[in-house]
There are 2 protein chains.
Amino acid sequence: MVETAIEMDKAALILKLLGDQTRLTMLKILDRHACCVCEFVEIFQMSQPAISQHLRKLKDLGLVQEERKGQWIFYSINKYSGEYSFLQQVLDQLPNQDLKIIELEKNGTRISCC
Amino acid sequence: MVETAIEMDKAALILKLLGDQTRLTMLKILDRHACCVCEFVEIFQMSQPAISQHLRKLKDLGLVQEERKGQWIFYSINKYSGEYSFLQQVLDQLPNQDLKIIELEKNGTRISCC
DNA sequence: TTATCATATAATGATTTGCTTATATATTCA
DNA sequence: TGAATATATAAGCAAATCATTATATGATAA
């Protein structure tokens, strides 16, 4: 089956979410590493509700998914989203953000789940 | 020379502009056809100042350029923008909008400049 | 020159956005 | 069970956004 192009309205909704530096960086990080809320709080030095609200928007559009592991909820890219390849084409053009994860590991604030 | 990745903050600024259905459609149209303001007014059924303001934002980021031809000002994609390839990767994923130009031609509202 | 057409800019207002603080819910651990 | 930790949700507010109407600017044509 041929992959159908994304609709303009759906594309605009997604791009609007990507048009925020916090969410854009979140997605670039999630593209390679599942993360929980408290890690993003550390990375962005932003309040926990602010982080949760950003993730909620990404989840509402189906771009990310969540999985609870104990007391933490890990977010990751939803590879089964109908717009995954659209998203991926954008993220692929952005600079790698692994350094932010490496810094968490140095700080000892990286949550390594079982 | 290796093409450097776009910076996150610049990417976010561009994506924010793309995250509006009017501007996103404008850019997809401009990707194949230079257009003037009055054509967009017809296409989007929106006031002339609203169209001008959208184009201003696109021009401020260097995504489009303008060229006066007589009383009209034609806008087109700025292929010499440093972010042209970034923009192009997004636009390439969107459905073709040529129908909007074809409808202008049917209406007789397409401006064919000399 | 004056009227007309195309466009830009300014001022305004309703809506949306992105944070904050306060509070609720869910899990873990002593 | 009760305290601590992680997260979500609600309410509120300042700033940004996107349209509108009014007006200014610039080009063309009578």
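Treat the numbers as computed from the prediction; the structure is a model and nothing was measured. The sequence lines fix the lettering, A, B, ..., with proteins before strands; numbering per chain opens at 1.
One interatomic measurement links the two molecules: CD1 of A/I73 to C1' of C/dT25, which rounds to 10 Å at whole-angstrom precision. If you measure from atom CG of B/L24 to atom C1' of D/dC18, you get 16 Å, rounded to the nearest angstrom. Between B/L13 atom CG and D/dA16 atom C1' the separation is 13 Å, expressed in whole Å. In this structure, the CG atom of B/D60 is 12 Å from the C1' atom of C/dA8, given to the nearest Å. One interatomic measurement links the two molecules: CD of A/E39 to P of D/dT5, which rounds to 17 Å at whole-angstrom precision. Counting to the nearest Å, the C1' atom of D/dT9 and the CG atom of A/L55 are 14 Å from each other. The separation between B/F44 atom CZ and D/dA19 atom C1' is 15 Å, rounded to whole Å.
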Nucleotide N/O to protein N/O under 3.5 Å, stretch nucleotides 28-30 of chain D:
none

Under-3.5 Å N/O pairs linking protein and nucleotides 12-18 of chain C:
{"unit_1": "C/dG18", "atom_1": "OP1", "unit_2": "A/D20", "atom_2": "OD2", "d": "3.4"}
{"unit_1": "C/dG18", "atom_1": "OP1", "unit_2": "A/R23", "atom_2": "NH2", "d": "3.3"}
{"unit_1": "C/dG18", "atom_1": "OP2", "unit_2": "A/R23", "atom_2": "NH1", "d": "3.1"}
{"unit_1": "C/dG18", "atom_1": "OP2", "unit_2": "A/R23", "atom_2": "NH2", "d": "3.3"}
{"unit_1": "C/dG18", "atom_1": "OP2", "unit_2": "A/K57", "atom_2": "NZ", "d": "3.0"}

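In this structure the side chain of B/L94 reaches within 4.5 angstrom of the side chain of A/F86, judged on heavy atoms. Considering only heavy atoms from C-beta on, A/H33 comes within 4.5 Å of A/R110 through its side chain. In this structure, the side chains of A/L87 and A/S81 stay at 4.5 Å or more apart for every pair of heavy atoms. Looking at A/F74 and A/I111, their side chains come closer than 4.5 Å, going by heavy atoms from C-beta outward. A heavy-atom distance below 4.5 Å is found between the side chains of A/I43 and A/I29. Looking only at side-chain heavy atoms (C-beta outward), A/T25 and A/F44 come within less than 4.5 Å of each other. Taking 4.5 Å as the limit, every side-chain heavy atom of A/I73 sits out of range of all side-chain heavy atoms of A/L55.
Note that CD1 of B/I77 is 12.0 Å distant from CZ of B/R32, once rounded to the nearest 0.5 Å.
Look at B/R56 and you won't find any side-chain N or O under 4.0 angstrom from OP1 or OP2 of C/dA8. When the side-chain nitrogen and oxygen atoms of A/S47 are compared with OP1 and OP2 of C/dC19, none of them lie within a distance under 4.0 Å. Between B/Y75 and C/dA8, a side-chain N or O to OP1/OP2 separation shorter than 4.0 Å is present.
Counting non-hydrogen atoms under 4.0 angstrom, A/E66 reaches the backbone sugars and phosphates but no base.
For A/Q48 and D/dA8, a side-chain-to-base donor-acceptor distance below 3.5 Å is present, hydrogens and geometry of angles not being considered.
Remark: B/Q65 engages B/S76 in a side-chain hydrogen bond (donor to acceptor under 3.5 Å, both in side chains) (not counting sequence neighbours).
Listed candidates were C/dA6, C/dT9, D/dT7. Nearest to the side chain of B/W72 is C/dA6. Here the side chain of B/A50 is nearest to one of C/dC19, D/dT21, D/dA19, namely D/dA19.
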